[in-house]
Amino acid sequence: MRHGKYPFVIGFLAAPVTIYVVFVIAPYAQAFYMALTNWRGLSPGKFVGLENFQRLFKDDVFWKALQHHGILLLALPLITIIIALFLAFMLNVGGGAQKGAMSGVWGSKFYRVVFFLPQVLAVAILGVLFQAIYRPDGSGMINSLLGKVGLEPVGFLIDPKIALWSIIAVLVWQAVGFYVVLFSAGMSNIPKDIYEAAMLDGATRMSMFFRVTLPLLWDTLQVAWVYLGIAAFDAFAIVQTLSVDQGGPDGSTTVIGMEIYRNAFTYSKYGYASAMGVALFFLTITFAALSLRVSRRDSVEM
């Protein structure tokens with residue numbers, strides 16, 4: 001600091017900024033350039049301008065994957081947030097007033113650990129686990145139970161009508177625990193006096209949830225919605241490990257990430273795969289910006 005604050009600040013920022021430029025900005029720039037070529041991985045690609053993007057808009061598989069992302073964007077955040085909010089509310093104030101203070105249901109600390117466990121499992125483990133759970137014959141966990149009560153087995157991953165929803169169920173199961181912890185942290189910052197005053201005024205738990213918890217938890221909900229929306233655009237890993245024929249059956253579970261992988265590493269169309277990646281990048285950025293814009297509101301003072 002004896003030589004001035006600017007050299008001091010620059011000295012600390014030089015290394016992290018350089019690493020960020022080399023490992024983040026430079027690959028993005030390279031991908032944007034590759035999207036304008038017909039590079040196939042071996043010889044230098046020829047510059048083709050916007051040809052890959054014109055082809056992209058005529059690709060039925062791309063639009064089908066985009067449609068699946070639309071379903072994911074609606075279902076994954078909505079279902080996850082509803083379940084996580086309910087569980088977090090029960091774990092924090094669901095037990096009512098005990099000894100003059102609001103508390104969660106009995107065993108809430110244990111339930112927090114149980115709910116969070118799926119979050120620490122690797123995607124490959126989740127894929128293997130739910131392949132055993134969803135197995136279409138009698139050896140599958142769910143179909144085995146259905147067989148014992150006299151019901152026909154369900155082809156969770158081989159029926160095109162329900163395969164995508166079966167994968168969404170896995171994504172929700174994995175994500176709920178993290179958002180229970182996130183919402184619990186937000187609820188713990190809400191003064192207990194507000195809940196106690198509401199109870200004294202005769203408020204029910206339902207009215208406390210909608211009139212106290214939700215308004216004071218709005219900023220956390222906003223962040224959760226954006227994170228889950230980004231996760232909906234990044235469903236490649238679970239589709240790759242769990243779906244039939246990598247996005248099947250008949251493309252009923254494919255996503256853009258899966259098509260990027262297929263075009264790059266199966267068909268060696270790296271330029272076209274990069275164009276898909278650029279489209280996915282701008283879709284994600286647009287979603288995050290619109291979500292923050294639409295859900296913006298004045299903060300509630302506590």
Side-chain angles (χ1 to χ4, degrees), residues 24-78 123 155 157-168 170-171 225-226 228-294:
V24 178
I25 302 299
Y28 273 122
Q30 186 179 17
F32 291 161
Y33 173 74
M34 286 171 55
L36 303 176
T37 69
N38 62 355
W39 186 51
R40 298 185 66 88
L42 296 176
S43 59
K46 178 183 176 182
F47 186 82
V48 295
L50 298 178
E51 182 179 316
N52 285 326
F53 294 98
Q54 292 173 353
R55 179 182 167 193
L56 196 65
F57 285 109
K58 300 177 182 178
D59 190 342
D60 292 337
V61 176
F62 173 79
W63 286 107
K64 191 172 187 178
L66 191 60
Q67 180 183 2
H68 295 159
H69 281 296
I71 297 173
L72 282 164
L73 277 173
L74 290 174
L76 178 60
L78 190 61
V123 175
L157 297 176
I158 61 176
D159 186 347
K161 296 180 181 179
I162 62 172
L164 181 62
W165 290 102
S166 300
I167 289 178
I168 291 175
V170 178
L171 291 170
W225 188 274
V226 173
L228 284 164
I230 294 173
F233 279 115
D234 188 30
F236 162 74
I238 195 67
V239 171
Q240 164 77 358
T241 57
L242 189 58
S243 65
V244 177
D245 296 330
Q246 297 182 346
D250 299 327
S252 60
T253 60
T254 191
V255 291
I256 295 178
M258 190 71 253
E259 294 308 315
I260 293 172
Y261 176 87
R262 198 193 315 275
N263 278 278
F265 301 107
T266 302
Y267 307 136
S268 296
K269 298 177 181 178
Y270 292 96
Y272 188 55
S274 296
M276 284 189 175
V278 171
L280 181 59
F281 170 80
F282 283 109
L283 284 170
T284 306
I285 293 295
T286 302
F287 165 78
L290 287 177
S291 296
L292 292 173
R293 179 72 176 178
V294 171

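All heavy atoms count here, side chains included; hydrogens, waters and symmetry mates do not.
- The two atoms that bring Ala163 and Pro249 nearest to each other are CB-CD, 4.0 Å, heavy atoms only.
- Once rounded to the nearest 0.5 Å, the distance linking CD1 of Ile167 with CG of Leu157 reads 6.0 Å.
- Listed here is the closest heavy atom pair of Pro77 and Gly229: CG-N, 4.2 Å.
- When side chains are defined from C-beta on, Phe57 does not count as touching Phe62, because their heavy atoms never get closer than 4.5 Å.
- Looking at heavy atoms from C-beta onward, Phe287 lies out of side-chain contact with Phe282 at the 4.5 angstrom threshold.
- Proximity of Leu36 to Phe47: side-chain heavy atoms (C-beta onward) are separated by under 4.5 Å at one or more points.
- With hydrogens and angles disregarded, no donor-acceptor distance shorter than 3.5 Å links the side chain of His68 to the backbone of Leu164.
- Here Phe32 and Phe281 bring their ring centres to under 6.0 angstrom of each other.
- Residue Arg262 comes nearest to Asp245 through the heavy atom pair NH1-O, 4.2 Å, listed as atom of the first residue, atom of the second, then distance.
- Residues Leu72 and Ile168 are in side-chain contact: their nearest non-hydrogen atoms beyond the backbone lie under 4.5 Å apart.
- In this structure, Asp59 contributes its side chain and Val61 its backbone to a donor-acceptor pair below 3.5 Å.
- A 4.5 Å side-chain heavy-atom check between Leu56 and Tyr272 finds at least one atom pair inside the cut-off.
- When atom types are taken as modelled, the side chain of Asn263 and the backbone of Lys269 share no donor-acceptor pair closer than 3.5 angstrom.
- Across Met258 and Gln240, no two heavy atoms sit closer than the pair CE-OE1, 3.1 Å.
- Using a 4.5 Å cut-off on side-chain heavy atoms (C-beta onward), Asn52 and Val278 make no contact.
- Listed for the Thr253 side chain is a donor-acceptor partner under 3.5 Å among the backbone atoms of Gly247.
- Using a distance-only test at 3.5 Å, with no hydrogens or angles considered, a donor-acceptor pair links the side chain of Thr37 to the main chain of Met34.
- Nearest approach of Ser291 to Trp225, heavy atoms of both residues: OG-CD1, 3.9 Å.
- At least one donor-acceptor pair closer than 3.5 Å links the side chain of Arg40 to the backbone N or O of Tyr267.
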